[in-house]
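Scroll down for the structure; my scribbles are underneath it.
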Amino acid sequence: MTRPEIRITDLHKSFGDNRVLRGIDLEIGQGEVVCVIGPSGSGKSTLLRCVNLLEEPTSGRVFVGESEVTDPDVDIDAVRRRIGMVFQQFNLFPHLTVTENLTLPQRRVLKRSAAQAAEVAAENLARVGLSEKADAYPSSLSGGQQQRVAIARALAMGPEVMLFDEPTSALDPELVGDVLAVMRMLAREGMTMMVVTHEMTFAREVADRVVFMDGGVVVEDGAPAQVIGAPRHERTRHFLSRLLDPAMAEVEEGTPGEVGTPEG
Amino acid sequence: MTATEVKQDRPRPKGLTRRRKRRLSRGLQYAVFVAAVIALAATADWGRLQNQFAEADIARQMFPDVITLALRNTVLYTVAGFAVAVALGLVLALMRLSSVGPYRWVAGVYIEIFRGLPALLIFIFIGVAVPLAFPGKEIVGGTYGKAALALGLVGAAYVAETLRAGIQAVPQGQTEAARSLGFSPARAMVSIVIPQAFRIVLPPLTNEFVILFKDSSLVLLLGVTLEERDLSKFGRDLASTTANSTPILVAGLCYLLVTVPLGFVVRRLEAKAREAAQ
């Protein structure tokens, strides 16, 4: 592993009495693609949101590049400019066209000129294969197209790290492929990526490492072939068997971590 | 028509069927309506009413001043008042949503007070009490400034509550997306949330404009010159000099000239918003 781009040490996060993260230690190297998997309520989305401080950790430290995100004196807006984030619900700005979605943040946050912002926007729309939708409004796009625009919007800011929060979970199955193809391209280009996902095929083929979380802790962390192919822990095996073959799952009492935990 | 054939085979039910009941009820309602119209037409003194309300000569005498002066002034008062109401209302809405307690309380108290007072009282306050309390000081813009201030103070309380609801209706994900792109909280509010909030509350905001348009008739309490008269004052003055009610009717029609199309616009906007929400 090269120098760690994301470093998380002893991270805890509670919502009231609900302890969602119970001591997470994780390092992600430069150019590494790490997929975080786990049952709903395992805290994987919360972990991701702690990396760019959309959630404030209860305790613990998070470093991205040279900066400590959790330092109360850090310029969080400056740190976030280096961290791109893609949401499950896309969160495009509905009152702006596709191009404006890409240019407004560049102009307001990075203070780029109109011409420069437009150029970067066009470049990134081309990368996700949506140049012809430049003047469309988000509501006229399919979910898959909206998510690709959201990725382009994050890329237009020139991030060093990309966070993906279940980017394909809100999509119709036939639209998932286009989004995953864009993510695959990014991975090949050497982007540092942290991806919370249920797409096991993507994790197996694209990820350098897979992290399995359950009950607010990292249960297993290793190469995809090992974590998905030959899991060491019973909890990982159990989760994977339910995920890969939901029809075979038996009715259980008190599924762990399923009770009232916010997800996404 | 198998259905009717089947029916004929069955014995006719006794008493009123559902179909006959419905017909009878509808007929009765028409009968009451027609009777009421006839009674009204018979009792009214049409000649006198026409002299009082629809005297063509007097109506003609009102033009073009009723449009170029009175309606123009009414629109000016309303637009100025609405501008003040939206500006002040936006500030109050943001104060209401502030994390700083005193801002929330001040805005809350303002909204409660000005929603609870009659607009008439505010106009008296601006027209009489303020000049007495601050002798020698003038509100900028003369009557127009005073009218804008009075209408703005009243309107701001309603606009604030409307905008607050609009801001809260913008999904949390919008703020999160903006923040994750590096927007500061203030910039995210101004560039992303507020434009969407205004879109959401456009129908109730247009409604508020209509209410201010009608309330602008209260400027007569500020003491207006001949040139500053609005529709109501203009109509009333002419009604008393001619001892005829036609000017009131004409002034009223001028109000409807604006409020009816605006009401139509509001309903269109609401329908569009409902469509978009689905």
Side-chain angles (χ1 to χ4, degrees), chain A residues 45 48-49 51-56 69 75-96 100-112 137-140 146-147 149-159 161-165 170 262 264, chain B residues 86-87 89-90 93-94 97-101 159 162-206 265-266 268-278:
Chain A
S45 279
L48 194 77
R49 291 163 60 86
V51 174
N52 69 351
L53 216 68
L54 281 185
E55 300 290 354
E56 188 123 16
V69 177
D75 178 358
I76 188 63
D77 298 332
V79 176
R80 280 180 178 143
R81 273 169 230 160
R82 309 212 314 265
I83 310 172
M85 181 149 185
V86 175
F87 299 86
Q88 186 178 346
Q89 297 298 338
F90 330 133
N91 293 347
L92 291 180
F93 305 133
H95 61 301
L96 304 175
E100 286 165 349
N101 261 278
L102 270 69
T103 51
L104 184 79
Q106 294 183 62
R107 301 203 54 196
R108 293 279 184 280
V109 177
L110 303 177
K111 309 289 179 202
R112 285 183 184 151
Y137 278 90
S139 57
S140 70
Q146 289 192 46
Q147 192 60 297
V149 172
I151 294 173
R153 179 176 67 179
L155 291 176
M157 306 298 281
V161 176
M162 286 285 285
L163 309 176
F164 293 85
D165 189 3
Chain B
V86 170
L90 182 58
L94 292 174
L97 295 168
S98 165
S99 54
V100 180
V159 171
T162 306
L163 278 178
R164 181 182 59 82
I167 288 170
Q168 284 176 328
V170 176
Q172 183 64 31
Q174 291 291 311
T175 309
E176 286 185 353
R179 298 283 280 136
S180 76
L181 288 162
F183 282 78
S184 68
R187 215 178 265 289
M189 184 56 96
V190 171
S191 298
I192 304 300
V193 178
I194 289 177
Q196 292 185 55
F198 267 103
R199 248 153 231 252
I200 294 170
V201 300
L202 202 54
L205 223 49
T206 313
V265 168
V266 170
R268 282 292 295 273
L269 288 174
E270 279 172 347
K272 253 177 99 176
R274 253 197 310 278
E275 240 169 67
Q278 274 161 8

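As the structure is a prediction and not an experimental result, all values here were calculated from the model. In the text below, chain A, chain B and the rest are named by the order of the sequence lines, each starting its count at 1.
Phe93(A) has its side chain out of reach of Pro195(B): every pair of non-hydrogen atoms, C-beta onward, lies at least 4.5 Å apart. In this structure the side chain of Leu181(B) never reaches within 4.5 angstrom of the side chain of Arg81(A), judged on heavy atoms.
Ranked by heavy-atom pairs under 4.5 Å with chain A, the list Gly182(B), Ser191(B), Ser184(B), Ala178(B) is led by Gly182(B). Comparing Ile83(A), Leu104(A), Leu110(A) by how many heavy-atom pairs each has under 4.5 Å with chain B, the most go to Leu104(A). Across Arg108(A), His95(A), Gln106(A), Arg153(A), the residue that shares the most heavy-atom pairs under 4.5 angstrom with chain B is His95(A). Taking Leu96(A), Leu163(A), Val79(A), Leu92(A) one by one and counting their heavy-atom pairs under 4.5 Å with chain B, the maximum is reached by Leu92(A).
Taking each heavy atom of Phe183(B) and Asp77(A) in turn, the nearest pair found is O-OD1, 3.5 Å.
Distance OG1/Thr175(B) to CG/Asn91(A): 9.5 Å, rounded to 0.5 Å. Gln174(B) CD to Gln89(A) CD: the interatomic distance, rounded to the nearest 0.5 Å, is 11.5 Å.
A donor-acceptor pair under 3.5 Å is absent between the side-chain atoms of Asn52(A) and the main chain of Ser180(B), judged by distance alone.
Residue Arg179(B) touches chain A through both its backbone and its side chain, counting heavy-atom pairs closer than 4.5 Å.
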